[in-house]
A.B. asks: 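Got a structure here, written out as structure tokens. Questions coming.
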Amino acid sequence: MPSMSGSIRGQDNIRCVSVRHPTLGKTHLYCLPSPPPVGPTNDFEVDPEIDVVQPALLFTENNTNFSRLYGGTNETLYVKDAFHDHVITPHRPPASESQPEGFFSPRIRSRTASSFGTEHPDVPEEGPVTPFPLGATFVNPDLKGTKSAAYYAFRDVPGHGGCAVVRLKLTPASLGKDISVEDEGVFDDAVEERRQEADEFYNSFVFGPISDDLKAIMRQAFGGMLWTKQYYRFIQKEWLEGDPAQPPPPPERKYIRNRVRLFLSCVLLTLMVYEANRNGNTCI
């Protein structure tokens, strides 16, 4: 299991998430300070007197909130939906007056019912309560865990095309050995070089006259093909029935709208493999 920790480095107070893994080694995610938002005038010059936007590093554990979902016991104090509760106040369950101190009130509706149901009960359900985290914080104040986020809060973003710039860099290099981390100009130049390299790569597949719209369609198609070279093993039966070592999934999972689509996809894949093997072809 990897471990993450947060720190502030350099003269610019750069927020850094350091990631350590027993076999993959160590790397860093540098979350650079961002200039304030600008309007839609294509003029990215900002007032130097306005403070930059520094992200807040959030940490928790990448563990399911069994207490909220199933009424069970959480394996860790901080759970994977901590960022939702920390950032989005309405996501938090209401405080309880009847439950013992340190607990939220019983849930009004379960997450599964909220996602797939149509009925909206007016009275609270009898069910589990969510423990209120110690110290009234959903994220780990010690800045460590197995799940992390950089929370940029931009205020007063101009409407009708206003934008903000966020610069992040994942690298094993320490601060001082990678000049692009501390120099915005070098950082932007590196991004532009990668963009030009990508343009050259996709343009090499264009033969003959072709419109810009068709070029964009072709590029999106190639991008999807490259992305799907990743391998993801999805076993529908295990997903529907749940992991034997974990609490059972909600019964509504077996009746979601994608059930038929998943079944047909599995049948189609089986037929493709059979046909390829029958013809002596290699199935990739």
Side-chain angles (χ1 to χ4, degrees), residues 1-21 24-40 42-63 65 76-92 133-159 161-195:
M1 181 181 296
S3 63
M4 302 180 181
S5 60
S7 60
I8 299 178
R9 304 187 179 188
Q11 297 180 350
D12 294 331
N13 296 324
I14 297 175
R15 273 56 174 175
C16 175
V17 178
S18 298
V19 186
R20 297 173 177 83
H21 189 274
L24 300 179
K26 181 180 180 180
T27 192
H28 309 280
L29 176 66
Y30 294 103
C31 309
L32 311 184
S34 291
V38 296
N42 293 327
D43 181 9
F44 287 89
E45 294 296 329
V46 297
D47 188 346
E49 299 298 326
I50 302 178
D51 293 337
V52 297
V53 178
Q54 289 281 12
L57 297 183
L58 309 180
F59 288 85
T60 186
E61 301 298 334
N62 195 32
N63 290 350
N65 190 341
T76 55
L77 176 62
Y78 303 101
V79 288
K80 67 190 310 177
D81 59 352
F83 300 156
H84 305 68
D85 290 323
H86 178 83
V87 176
I88 307 172
T89 304
H91 186 269
R92 304 175 186 176
L134 299 178
T137 176
F138 293 91
V139 295
N140 193 335
D142 295 332
L143 300 183
K144 60 183 180 180
T146 52
K147 184 178 181 180
S148 179
Y151 177 34
Y152 288 83
F154 294 99
R155 312 294 181 186
D156 302 322
V157 179
C163 69
V165 176
V166 173
R167 295 181 176 90
L168 306 172
K169 182 156 189 180
L170 182 67
T171 173
S174 59
L175 200 63
K177 294 185 178 181
D178 188 339
I179 189 174
S180 66
V181 176
E182 298 182 274
D183 190 317
E184 294 180 358
V186 176
F187 185 101
D188 294 342
D189 290 342
V191 173
E192 184 59 31
E193 288 177 4
R194 302 291 87 76
R195 182 180 289 111

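Just the heavy atoms: all of them, side chains too, but no hydrogens, waters or symmetry mates, feed the values below. Numbering starts at 1 and runs along the sequence shown.
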A.B. asks: Taking everything shown except Arg194 itself, do over 12 heavy atoms lie less than 6.0 Å from its CZ?
C.D. replies: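 Yes - once you tally the heavy atoms of other residues, nucleotides and ligands closer than 6.0 Å, there are more than 12.
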A.B. asks: If you take all heavy atoms of Tyr78 and Phe138, which pair is closest and at what distance?
C.D. replies: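 Looks like CD2-O, 3.3 Å.
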A.B. asks: Say you draw a straight line from OH of Tyr151 to CZ of Arg15; how long is it, rounded to the nearest 0.5 Å?
C.D. replies: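 Rounded to the nearest 0.5 Å, the OH-CZ separation comes out at 14.5 Å.
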A.B. asks: Return the OG to NZ distance between Ser3 and Lys26, rounded to the nearest 0.5 Å.
C.D. replies: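 The NZ atom of Lys26 is 9.5 Å from OG of Ser3, to the nearest 0.5 Å.
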A.B. asks: I'd like to check Thr27 versus Pro172 (side-chain heavy atoms, cut-off strictly below 4.5 Å). Are they in contact?
C.D. replies: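 Counting from C-beta outward, Thr27 and Pro172 do come under 4.5 Å.
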A.B. asks: Let me confirm one number: the NE2-CG distance from His86 to Asn140, rounded to the nearest 0.5 Å.
C.D. replies: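 Nearest 0.5 Å value for the NE2-CG distance: 12.0 Å.
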A.B. asks: Determine whether a donor-acceptor pair (N or O, by modelled atom type, separation under 3.5 Å) exists between the side chain of Ser5 and the backbone of Lys144.
C.D. replies: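 Checked: no pair found.
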A.B. asks: Rounded to the nearest 0.5 Å, what separation is found between the CG atom of Leu32 and the CG atom of Asn13?
C.D. replies: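 Spacing of CG (Leu32) from CG (Asn13) equals 12.5 Å.
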A.B. asks: Looking at CD of Gln54 and CD1 of Ile8, how far apart are the two atoms once the value is rounded to the nearest 0.5 Å?
C.D. replies: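 Here the interatomic distance stands at 7.5 Å.
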A.B. asks: Set out, in order, the CA-CA distance, both residues' side-chain angles and the distance that settles side chain to side chain contact (heavy atoms under 4.5 Å, CB included) for Phe59 and Val17, then state yes or no.
C.D. replies: CA-CA 10 Å; Phe59 288 85; Val17 178; 4.1 Å; yes
A.B. asks: Does CG in Asp142 sit with more than 12 non-hydrogen atoms of other residues, nucleotides or ligands closer than 6.0 Å?
C.D. replies: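 Count over threshold, so yes.
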A.B. asks: Do Phe83 and Thr60 have side chains that approach each other closer than 4.5 Å (heavy atoms only, starting at C-beta)?
C.D. replies: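 Phe83 vs Thr60: side chains touch.
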A.B. asks: Going from SG on Cys16 to CZ on Arg9, what distance comes out if it is rounded to the nearest 0.5 angstrom?
C.D. replies: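 Taking SG in Cys16 and CZ in Arg9, the distance rounds to 4.0 Å.
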A.B. asks: Quick one: sort the Tyr30 and His28 rings into parallel, tilted or perpendicular, breaks at 30° and 60°.
C.D. replies: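 Rings of Tyr30 and His28: tilted, as their planes differ by 30° to 60°.
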A.B. asks: Are side-chain heavy atoms of Val165 and Ser34 found at a separation under 4.5 Å?
C.D. replies: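 SC-SC contact between Val165 and Ser34 ruled out.
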A.B. asks: What pairs meet the salt bridge (Lys or Arg N to Asp or Glu O under 4.0 Å) rule with one or both residues in residues 174-185, with sequence neighbours excluded?
C.D. replies: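 Sorted pair list: Arg167-Glu184, Lys169-Asp178.
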A.B. asks: Hey, does Val181 have a side-chain heavy atom less than 4.5 Å from the side chain of Phe187?
C.D. replies: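 Side chain of Phe187 against side chain of Val181, heavy atoms only: no contact under 4.5 Å found.
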A.B. asks: At their closest point, which heavy atom of Cys31 faces which heavy atom of Leu57, and how far apart are they?
C.D. replies: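 Minimum heavy-atom separation between Cys31 and Leu57: SG-CD2, 4.1 Å.
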A.B. asks: Can you check whether Phe154 reaches Val166 side chain to side chain, under 4.5 Å on heavy atoms?
C.D. replies: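 Heavy-atom side-chain distance check passes, below 4.5 Å.
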A.B. asks: Who passes ring-ring contact (aromatic ring centres under 6.0 Å, His included) against His21, sequence neighbours left out?
C.D. replies: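 Counting only residues at least two positions away or on another chain, His21 forms no ring-ring contact (aromatic ring centres under 6.0 Å, His included).
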A.B. asks: Check the surroundings of atom CD in Gln11: do more than 12 heavy atoms from other residues, nucleotides or ligands lie under 6.0 Å from it?
C.D. replies: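 No.
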A.B. asks: Would you please test Asp12 and Val52 for side chain to side chain contact (heavy atoms under 4.5 Å, CB included) and show each step?
C.D. replies: CA-CA 10 Å; Asp12 294 331; Val52 297; over 6 Å; no
A.B. asks: Under 4.5 Å between any side-chain heavy atoms of Thr76 and Thr146, yes or no?
C.D. replies: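 Thr76 vs Thr146: side chains apart.
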A.B. asks: Which pair of non-hydrogen atoms, one from Pro35 and one from Val53, has the smallest distance, and what is that distance?
C.D. replies: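 Here Pro35 and Val53 meet closest at O-CG2, 4.5 Å.
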A.B. asks: Where do Ile14 and Leu175 come nearest, in terms of heavy atoms and distance?
C.D. replies: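 Looks like CD1-CD1, 4.1 Å.
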